[in-house]
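Quantities reported herein were computed from a predicted structural model and do not represent experimental measurements. By convention in this document, chain letters (A, B, ...) are assigned in the order of the sequence lines, proteins followed by strands, and residues within each chain are numbered from 1.
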Amino acid sequence: MSSLPRSFYETDDVVSIARSLIGKVLMHEHSDGITSGMIIETEAYSGTNDKACHACNGRRTARTEVMYGEPGHSYIYLCYGIHHLFNVVTNRAGRADAVLIRALWPLKGMDIMQIRRGTRNLTGLCDGPGKLTQALAITTNLNGLSLTGGALRIEDQGFQTDQNAILQTPRIGIDYAEEDAALPWRFLISKPERSVSHPHRLLPDH
DNA sequence: ACACAGATACTCT
DNA sequence: GAGTATCTGTGTC
């Protein structure tokens, strides 16, 4: 299986990259075992001009530093003191774009995911940005690592994605971002619709 | 099927 | 000190 190359992440259209990441596979080889899942929900954060982005107005701190760094690297931060949220840095160094991975369709190591998540259910393992990092044992100590090879990586495993099955909506949980809160920069695959992040599914239930 | 509150610790003012 | 790109359990319908 081939990891996505650096060039995949290096362009300046983070919204297109967020769309293109749907159907790709996030994989973590850990001493516990291998866990992986197909990416089914993403959000684009567009650097210094985006009021929802941590790098808004050129904000540059210890936390946001990796967003200004190399494309194809991880940006992982702690949210609400509990949840580790996983992003991929995009665009060339000096820009601060990133794509948040919000949900996965579990592929490998679901038994390990169940243990890490503390559930006996086979559903709901990776249907939220904080849940998928717990299921894949992704924490802030993996911040700033390259995703183009190594234990944590994103692969193209050849899953075909019907472009008509990709829905586009506003982003979640960023009400503070004023007019940018309405930008339709969230992408989700409509097929496993029960597996996208939960309270904001925005899809009819049928 | 909602709605709500509480947990939690780090980041930046 | 305030705010946070969230999740869970409990309550109610």
- Item | Any A/R117 side-chain nitrogen or oxygen under 4.0 Å from OP1 or OP2 of C/dC7 | no
- Provide, to the nearest angstrom, the distance between the CG atom belonging to A/D127 and the P atom belonging to C/dT6. 13 Å
- Task: Convert the base pairs of DNA chain C into dot-bracket notation, remembering that pairs crossing earlier ones are written with [ ] and that bases paired across to another strand are shown as |; include only Watson-Crick or G-U pairs under 3.5 Å.
- Result: ||||.|||||||.
- Message: Considering only residues two or more places apart or on different chains, which pairs with a residue in residues 72-88 of chain A satisfy side-chain hydrogen bond (donor to acceptor under 3.5 Å, both in side chains)?
- Response: A/H54-A/Y75
- Query: Between atom CD in A/Q134 and atom P in C/dT8, what is the gap in whole Å?
  - Reply: 7 Å
- d(CD, A/E41; C1', C/dA5) in whole Å: 11 Å
- Can a cation-pi geometry be assigned to A/R60 and A/Y68, taking NZ or CZ under 6.0 Å from the six-membered ring centre and within 45° of the ring axis? yes
- Numerically ordered, the residues 67-76 of chain A set in heavy-atom contact under 4.0 Å with DNA chain B is none
- Donor-acceptor contact present, side-chain A/H30 to main-chain A/D32, <3.5 Å: yes
- Item | Separation of atom CZ in A/R102 from atom C1' in C/dT6, rounded to whole Å | 9 Å
- To the nearest Å, give me how far apart CG (A/L132) and P (C/dA5) are. 16 Å
- Query: Rounded to the Å, how far apart are A/H54 NE2 and C/dA5 P?
  - Reply: 4 Å
- Task: Examine distances only and state if a side-chain atom of A/T161 and a backbone atom of A/Q163 form a donor-acceptor pair shorter than 3.5 Å.
- Result: no
- Item | Protein-nucleotide distance (A/K131, atom NZ; C/dA5, atom C1'), rounded to Å | 16 Å
Please tabulate, one pair per line, each protein N/O and nucleotide N/O from nucleotides 5-9 of chain B that are separated by under 3.5 Å, including the distance.
| residue | atom | partner | partner atom | Å |
| --- | --- | --- | --- | --- |
| B/dT8 | O2 | A/Y80 | O | 2.3 |
| B/dA9 | O4' | A/G81 | O | 3.2 |
| B/dA9 | N3 | A/G81 | N | 3.4 |

Please list, pair by pair, any protein nitrogen or oxygen found under 3.5 Å from a nitrogen or oxygen in nucleotides 1-3 of chain C.
none

- Message: Any side-chain to backbone donor/acceptor pair from A/R116 onto A/A135? Under 3.5 Å, distance only.
- Response: yes
- Message: Between the side chains of A/R153 and A/E155, is the shortest nitrogen-to-carboxylate-oxygen separation below 4.0 Å, so that they form an ion pair?
- Response: yes
- Message: Applying side chain to side chain contact (heavy atoms under 4.5 Å, CB included), can you list everything that pairs with A/P184, at least two apart in sequence or on another chain?
- Response: A/Q168
- Find the distance A/R120:CZ to C/dT8:C1' and express it as a whole number of Å. 18 Å
- Task: Answer yes or no: does atom CG of A/D162 have more than 12 heavy-atom neighbours from other residues, nucleotides or ligands under 6.0 Å?
- Result: yes
- Query: Does A/D50 reach the main-chain N or O of A/Y45 with its side chain, forming a donor-acceptor pair under 3.5 Å?
  - Reply: no
- Are a donor atom and an acceptor atom from the side chains of A/R6 and A/T148 found within less than 3.5 Å of each other? no
